[in-house]
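The next block holds one structure in the form of C-alpha cells; read it before the comments.
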2 protein chains.
Amino acid sequence: MNRQRLLCADCKAPCLMKGINDLEAVKKVEEKKTVLVCSKNQKIFHEDMPVNSISFINSGIIKVYKTGINGKNHIIRFSRAGDILGHRGLNTEYYPVSASSIEDSSICLFPKDFFITFLGNHSRIAFKLLMFFSKELENSEIMQFNLAQMNVREKVAETLLYLNTTFGTDKNNRLNITLSRQDFSDYAGTTKEQVSKILSEFQSENLILLDKKDIIINELNELKKIASFGVHLS
Amino acid sequence: MNRQRLLCADCKAPCLMKGINDLEAVKKVEEKKTVLVCSKNQKIFHEDMPVNSISFINSGIIKVYKTGINGKNHIIRFSRAGDILGHRGLNTEYYPVSASSIEDSSICLFPKDFFITFLGNHSRIAFKLLMFFSKELENSEIMQFNLAQMNVREKVAETLLYLNTTFGTDKNNRLNITLSRQDFSDYAGTTKEQVSKILSEFQSENLILLDKKDIIINELNELKKIASFGVHLS
DNA sequence: CGCGTTCTTGAGCATGTTCAAGGCCAGTGG
DNA sequence: CCACTGGCCTTGAACATGCTCAAGAACGCG
C-alpha cells in the first residue's frame with residue numbers, strides 16, 4: 001500500500017465531501033485527507049480494530065463483511081467509487097465489520113474526530129448522511145427479509161439483480177464486477193457449490209451466460225420474475 | 001383508537017424529544033404533538049401508506065415488520081417505550097415496513113415536516129438520531145449475519161437473548177414480553193412449529209420454563225453458549 | 001361450558017449442505 | 001514454449017436439516 005496526492009477538485013466520484021462552497025472548508029478537507037492506494041485482496045480494516053478514520057472510495061471495489069467463528073463470512077455490501085467506508089464505526093470505538101479490496105482500489109481517509117466536527121459544522125452534509133443511513137437501513141432490512149424467506153434459487157437471482165443495479169453492465173450486458181463463487185455465496189447467503197449449480201441452471205435456461213469468471217445477463221426480466229417473491233434493493 | 005393529551009414533562013419514556021432546554025421549542029413540540037392510544041393487535045401503519053408523521057412510543061410494544069407475498073411476515077424489531085417509530089419513512093414517501101401493536105399502546109406523533117425542520121434547528125438531537133441510525137444499522141447487519149449463518153436452535157436461543165436484553169425479566173426471570181409462536185418465528189427466521197419444538201427442547205434441558213404463554217429464563221449463560229456462534233445484538 | 005384459536009408433536013418430504021472427484025485455468029519455472 | 005502445480009469451479013451422491021402437513025391437546029374468550 002502507498003499514500004499519494006489526489007485532489008477533490010479533480011475527482012469524479014460522487015462522494016459526500018463534495019459540493020461544499022466554503023473555500024476555507026475545502027482547504028481544510030484537503031489538508032486532513034490521506035489517500036490510500038491498495039491492490040487486489042488487501043485488508044483495509046478488520047473487526048475489532050480501533051476506528052481512527054472515516055473513508056470514501058475513490059476507485060475500485062471493496063467488500064464489507066462480518067467473520068463467523070468457523071471462518072464463513074457474511075458479506076454485507078460491495079462498495080464502489082463515491083461510497084462511504086467505515087461509517088459504521090461512527091458510533092463505536094472498534095469496527096464491527098471488516099473490509100477488503102476485491103480490485104485495485106484507492107481510498108480517501110479522514111480522521112474520525114475531524115469528520116465528526118466537520119459534520120457539526122456542515123448540517124446539510126450531516127443531513128445527507130442521515131438520509132444515507134436511513135437508506136442503508138432500508139437495504140439492510142430488505143436483506144434480512146430476503147435471507148429469512150427466499151430459497152437458494154431466488155437468492156442467487158436476487159444477488160445477480162443487486163450486482164446489476166450496483167455495478168451495471170457493459171454494452172454486451174457483461175457485469176462490471178467479477179466475483180469468486182465464494183464471495184458470491186457469502187453475499188447471497190448460501191454455499192459456493194449451490195451458487196455454481198444455480199448459475200449453471202440459469203445458463204442452461206439462457207437467462208445468463210458464463211464466460212470465464214464473468215457473467216453476462218441475457219434475460220434481466222426473467223431473473224426479476226424469479227426473485228419477484230422478495231423485495232428489491234435499490 | 002383515540003387521541004388524548006399527554007405532556008412530555010410528565011412522561012417517563014427516554015425519548016429523543018427529551019432534554020431540550022429551549023422553552024420556546026418545548027412549547028412548539030407540545031403544540032405539534034398528537035397522541036394515539038390503541039389497543040392490542042391494531043395496525044399503526046402499513047407498507048405503502050404515505051409517511052405523514054414520525055412517532056415515539058409512550059407505552060406498550062409495537063412490532064415492525066415486512067410482509068411477504070405469501071403472507072409470511074418478517075419481524076424487523078419489537079419497539080418499546082421511548083423508541084422512535086416510523087423513522088424509516090424519513091427518506092421515503094411511503095412506509096417500507098408495517099407496524100402493529102402487540103399490547104395496548106400509546107404513541108406520540110409529530111408531523112414529518114415539523115420533525116425534519118426540528119432536526120435542522122437542533123443539531124445535537126440530529127446527531128443523536130444519526131448515532132441511533134448507526135446503531136440500528138449495526139443491529140440489522142448482525143441480524144443479517146445470524147439469519148444467514150445460524151441453525152434453528154441457535155436462532156431460537158438468540159431470539160430469547162434478544163427479548164431478554166430488550167424487555168428484561170421480572171424478579172422470577174419471567175420475560176416481560178409475551179409472543180405468539182408465529183411472532184416469535186417471524187422474528188427468529190423459522191417456522192412456528194420449529195419454535196415450539198426447540199422451546200420444548202430447551203425446557204427439557206432446564207434452560208427455560210414454559211408457563212402458559214410466558215417464558216421463564218433459567219440458564220441465561222447456557223443460552224448464550226448455544227447462540228455463541230453468532231454475534232449478539234446490544 | 002363450548003367453540004375457535006393456538007400450541008405441540010410426529011412423520012414424511014423437500015431443500016440445501018457437505019464431501020469428494022475430476023476438470024479447467026492461470027501463473028511459474030524449466 | 002511447454003509441462004507442472006495449485007487454486008477455483010463444476011457436478012453428483014449421500015446426508016442433514018428444517019419445513020409442511022396433520023391430528024390431538026390445551027388454552028382462552030365469550
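On a predicted model such as this, the values are computed, not experimentally measured, just so you know. The sequence lines fix the lettering, A, B, ..., with proteins before strands; numbering per chain opens at 1.
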**Report entry** Phosphate OP1/OP2 of C/dC7 contacted by B/K213 side-chain N/O (<4.0 Å)
**Finding:**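 Affirmative; the distance criterion is met.
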How long is the line joining [atom1] of [X] and [atom2] of [N], in whole Å?
| X | N | atom1 | atom2 | answer |
| --- | --- | --- | --- | --- |
| A/D211 | C/dC24 | CG | P | 16 Å |
| B/K212 | D/dG28 | NZ | P | 6 Å |
| B/N41 | D/dC29 | CG | P | 11 Å |
| B/D183 | C/dT5 | CG | P | 17 Å |
| A/E201 | C/dG16 | CD | C1' | 13 Å |
| A/K192 | D/dT11 | NZ | P | 15 Å |
| A/D186 | D/dC9 | CG | P | 12 Å |
| A/E154 | C/dG16 | CD | P | 9 Å |

Which pairs of donor and acceptor atoms, one on a side chain in residues 78-85 of chain B, lie under 3.5 Å apart (sequence neighbours left out)?
{"unit_1": "B/S79", "atom_1": "OG", "unit_2": "B/R77", "atom_2": "NE", "d": "3.1"}
{"unit_1": "B/R80", "atom_1": "NE", "unit_2": "B/T166", "atom_2": "O", "d": "3.1"}
{"unit_1": "B/D83", "atom_1": "OD2", "unit_2": "B/R80", "atom_2": "N", "d": "2.8"}

Query raised in the report: Using 4.0 Å as the upper bound for N to carboxylate O, is an ion pair formed by A/E205 and A/K225?
Result: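 Answer for the salt bridge query: no.
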Report task. Determine, for A/E193 against A/R181, whether the closest basic-nitrogen to carboxylate-oxygen distance falls under 4.0 angstrom. Result -> no
Query raised in the report: NA contact type, B/S196, heavy-atom cut-off 4.0 Å: base, sugar-phosphate, or nothing?
Result: base
Requested in this report: Please confirm whether B/Y187 and B/Y162 have ring centers closer than 6.0 angstrom.
Outcome: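 Yes, the ring centres sit under 6.0 Å apart.
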Report task. Would you give the length of the straight line joining atom OG of A/S100 to atom NZ of A/K43, rounded to the nearest 0.5 angstrom? Result ->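 It comes to 5.0 Å.
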Report summary line: Going 5' to 3' through nucleotides 17-24 of chain D and flagging B where a protein heavy-atom sits under 4.0 Å of the base, S where only the sugar-phosphate is that close, and - otherwise, we get -SBBB---
Requested in this report: Check whether the side chains of B/S59 and B/S106 place a donor and an acceptor atom closer than 3.5 Å, and report yes or no.
Outcome: yes
